[in-house]
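Here is the structure we will look at, set down as structure tokens.
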Amino acid sequence: MCNKFCLFFLLLVSNLPHPSHSKENEKVEVGRNSSNTRTKKLFNLFSIVTFPNNACQSGTSGSNGTCLSASECTSRGGTISGSCASGFGACCIVEFSSCGGTISYNCTYLVNPGYPSSYTTAGTCTWSIPKTQSDVCFIRLDFDVFTIAAPSTATPVGQCTTDYFQGTNAKTGTNSASGQTTPKICGVNTGSHMYIDAGTQTSDEASLTADLTGTSTNRSWKIKVTQILCSATNKPTTGCLQYHTGTTGQVRSYNFLADSYLHLANQFYKVCVRRERGYCKIAWTQSSDPDSFKISRGATSYNSNNGQTGCAQDSVKIYGGSDYGVSTVCTAPGAPPSIPLPSVDRYCGGTLTCTAGSANPATIITSRVPFGLDVDFSSTDTAGANNRGFCLNYYQILC
């Protein structure tokens with residue numbers, strides 16, 4: 001994405017006479033070559049070393065940076081953390097620590113004021129993210145560190161009423177969410193990510209807002225802001241808030257890692273998985289965490305629920321899914337138990353399986369493309385139900 005930086009070396013080599021030459025030989029040499037005297041005395045040799053502004057990694061902090069010249073890194077307000085390009089470049093780490101402003105460079109780390117110390121000041125911070133070049137389609141936000149106030153435990157349960165971060169898609173984006181806001185997130189979201197539409201016009205810009213109330217919360221954030229080219233292999237498909245690549249991976253609901261054991265409310269978004277070459281199905285399983293699937297259930301219930309009736313409030317949607325890909329085992333509330341369903345789309349309760357009322361987790365397999373799942377969490381949850389959300393592993397299955 002970045003322009004090449006050229007480093008010029010000027011080597012001046014003088015053609016000086018050898019000390020052992022006699023004066024007579026020197027005179028003869030000058031007489032014979034008087035026309036070439038200037039050329040013999042001095043010539044210039046130019047060597048050009050070029051290197052692209054590729055991504056690099058700090059050897060100390062582990063942060064990702066951009067390979068630049070030392071002077072260009074300084075002009076961006078960055079910090080040099082190691083070398084790159086065979087020692088000709090500097091790995092430049094750029095951090096932006098103001099409450100609001102413009103993120104002018106790709107691969108910038110947005111950190112709270114005073115980072116790594118916590119931040120307790122109340123207020124609203126808005127950062128605009130203009131394109132660094134015309135063929136940028138999306139902005140990816142990686143939450144390397146993210147801890148702000150937890151969601152509400154009183155009505156409305158699960159909503160971000162104290163603090164929240166929220167992205168805004170550019171107004172001329174590439175999907176129906178253009179100009180719309182992403183779901184509000186709060187609590188603990190370290191290790192999660194989200195995509196924002198960068199728009200179709202060169203002058204378009206997305207934005208990110210933090211609304212922080214009260215001064216008693218110890219907040220901390222470090223968010224890597226990366227611009228994704230329209231031609232990039234990690235560019236998400238239309239309508240994806242999260243986008244995962246690779247034949248295996250893990251997907252978590254926002255705030256899953258928090259001690260509050262409460263998933264966020266008002267969450268309606270798509271989690272997409274890039275279908276890798278030669279793979280025709282995807283499988284979803286609960287992670288090794290014993291509480292990796294807790295959605296819309298009673299506080300002590302570990303039984304599954306599914307279907308339109310069983311998951312009317314909150315659910316994860318895996319379209320065309322069934323236990324191990326078998327089409328004769330699914331049941332759902334409201335459906336005749338004697339007639340198994342070929343698949344189930346909505347999943348909730350305390351266990352992931354397409355069999356209603358079961359405490360035995362299963363692997364949900366579907367061939368529906370594009371790969372992914374939908375998150376549908378309503379505007380409020382039940383107080384004290386310990387509905388933590390989900391942490392699911394996936395793996396793709398060869399054709």
Side-chain angles (χ1 to χ4, degrees), residues 1-12 44-98 101-117 127-146 190-196 198 202 205-206 208 220-236 243-246 249 274 276:
M1 287 183 60
C2 306
N3 296 325
K4 288 186 176 181
F5 170 78
C6 297
L7 183 62
F8 294 90
F9 292 97
L10 175 59
L11 303 179
L12 301 178
N44 298 338
L45 175 63
F46 290 91
S47 295
I48 301 175
V49 177
T50 65
F51 60 88
N53 298 147
N54 288 335
C56 57
Q57 189 172 51
S58 167
T60 54
S61 67
S63 297
N64 292 327
T66 305
C67 193
L68 303 172
S69 68
S71 60
E72 189 172 4
C73 182
T74 301
S75 69
R76 293 188 179 192
T79 301
I80 297 175
S81 184
S83 62
C84 50
S86 300
F88 291 112
C91 189
C92 185
I93 311 298
V94 178
E95 292 187 350
F96 191 93
S97 60
S98 298
T102 300
I103 307 299
S104 302
Y105 303 109
N106 187 26
C107 197
T108 293
Y109 283 91
L110 181 61
V111 299
N112 61 271
Y115 183 87
S117 298
W127 300 273
S128 59
I129 312 172
K131 294 183 179 183
T132 56
Q133 57 189 74
S134 60
D135 56 341
V136 169
C137 273
F138 289 92
I139 307 298
R140 177 175 167 124
L141 305 175
D142 284 283
F143 305 116
D144 289 1
V145 176
F146 190 101
T190 299
S192 294
H193 74 272
M194 113 179 7
Y195 281 83
I196 308 175
T202 303
E205 57 183 43
L208 178 66
S220 184
W221 64 82
K222 180 182 180 181
I223 306 170
K224 184 173 70 173
V225 182
T226 308
Q227 304 207 8
I228 306 299
L229 295 179
C230 302
S231 58
T233 57
N234 62 335
K235 186 196 77 172
Y243 189 60
H244 298 262
T245 61
R274 185 179 67 192
E276 304 298 346

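Any value given below was found using the heavy atoms of this structure, including those in side chains, with hydrogens, waters and symmetry copies removed. Everything quoted here is computed from the prediction, not taken from an experiment.
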- Residue pair Thr79 / Ser81, side-chain donor-acceptor N/O under 3.5 Å: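 Looking only at side-chain atoms, Ser81 and Thr79 do not form any donor-acceptor pair under 3.5 Å.
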Using a 3.5 Å distance criterion without hydrogens, assess whether the side chain of [X] forms a donor-acceptor pair with backbone atoms of [Y].
X      : Y      : result
Asn64  : Gln57  : no
Thr190 : Phe146 : yes
Trp127 : Ser98  : yes
Glu95  : Lys222 : no

Determine the minimum heavy-atom distance between [X] and [Y], stating which atoms define it.
X      : Y      : result
Ser63  : Ile93  : O-CD1, 3.8 Å
Glu205 : Ser128 : OE2-CB, 3.3 Å
Arg140 : Tyr195 : NH1-OH, 3.0 Å
Pro113 : Trp221 : CD-CZ2, 4.1 Å
Ser69  : Phe51  : N-CZ, 4.3 Å
Gly246 : Glu276 : N-OE2, 2.8 Å

Rounded at 0.5 Å granularity, tell me how far [atom1] in [X] sits from [atom2] in [Y].
X      : Y      : atom1 : atom2 : answer
Asn234 : His244 : CG    : NE2   : 12.5 Å
Leu68  : Ile80  : CG    : CD1   : 9.0 Å
Ile103 : Tyr109 : CD1   : OH    : 13.5 Å
Leu229 : Lys131 : CG    : NZ    : 10.5 Å
Gln227 : Cys137 : CD    : SG    : 11.0 Å
Ile228 : Ile139 : CD1   : CD1   : 8.0 Å

- Check: Val145 and Tyr115 side chains under 4.5 Å, non-hydrogen atoms: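 Tyr115 vs Val145: side chains touch.
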- Query: Taking the side chain as C-beta and beyond, is there a heavy-atom pair between Asn106 and Thr226 under 4.5 Å?
  - Reply: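 Heavy-atom side-chain distance check passes, below 4.5 Å.
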- Task: Tell me if the SG of Cys92 lies under 2.5 Å from the SG of Cys73.
- Result: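 Yes - the two cysteines, Cys73 and Cys92, have SG atoms within less than 2.5 Å of each other.
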- Query: Between Cys84 and Cys56, is the SG-SG gap under 2.5 Å?
  - Reply: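 No - the two cysteines, Cys56 and Cys84, have SG atoms at least 2.5 Å from each other.
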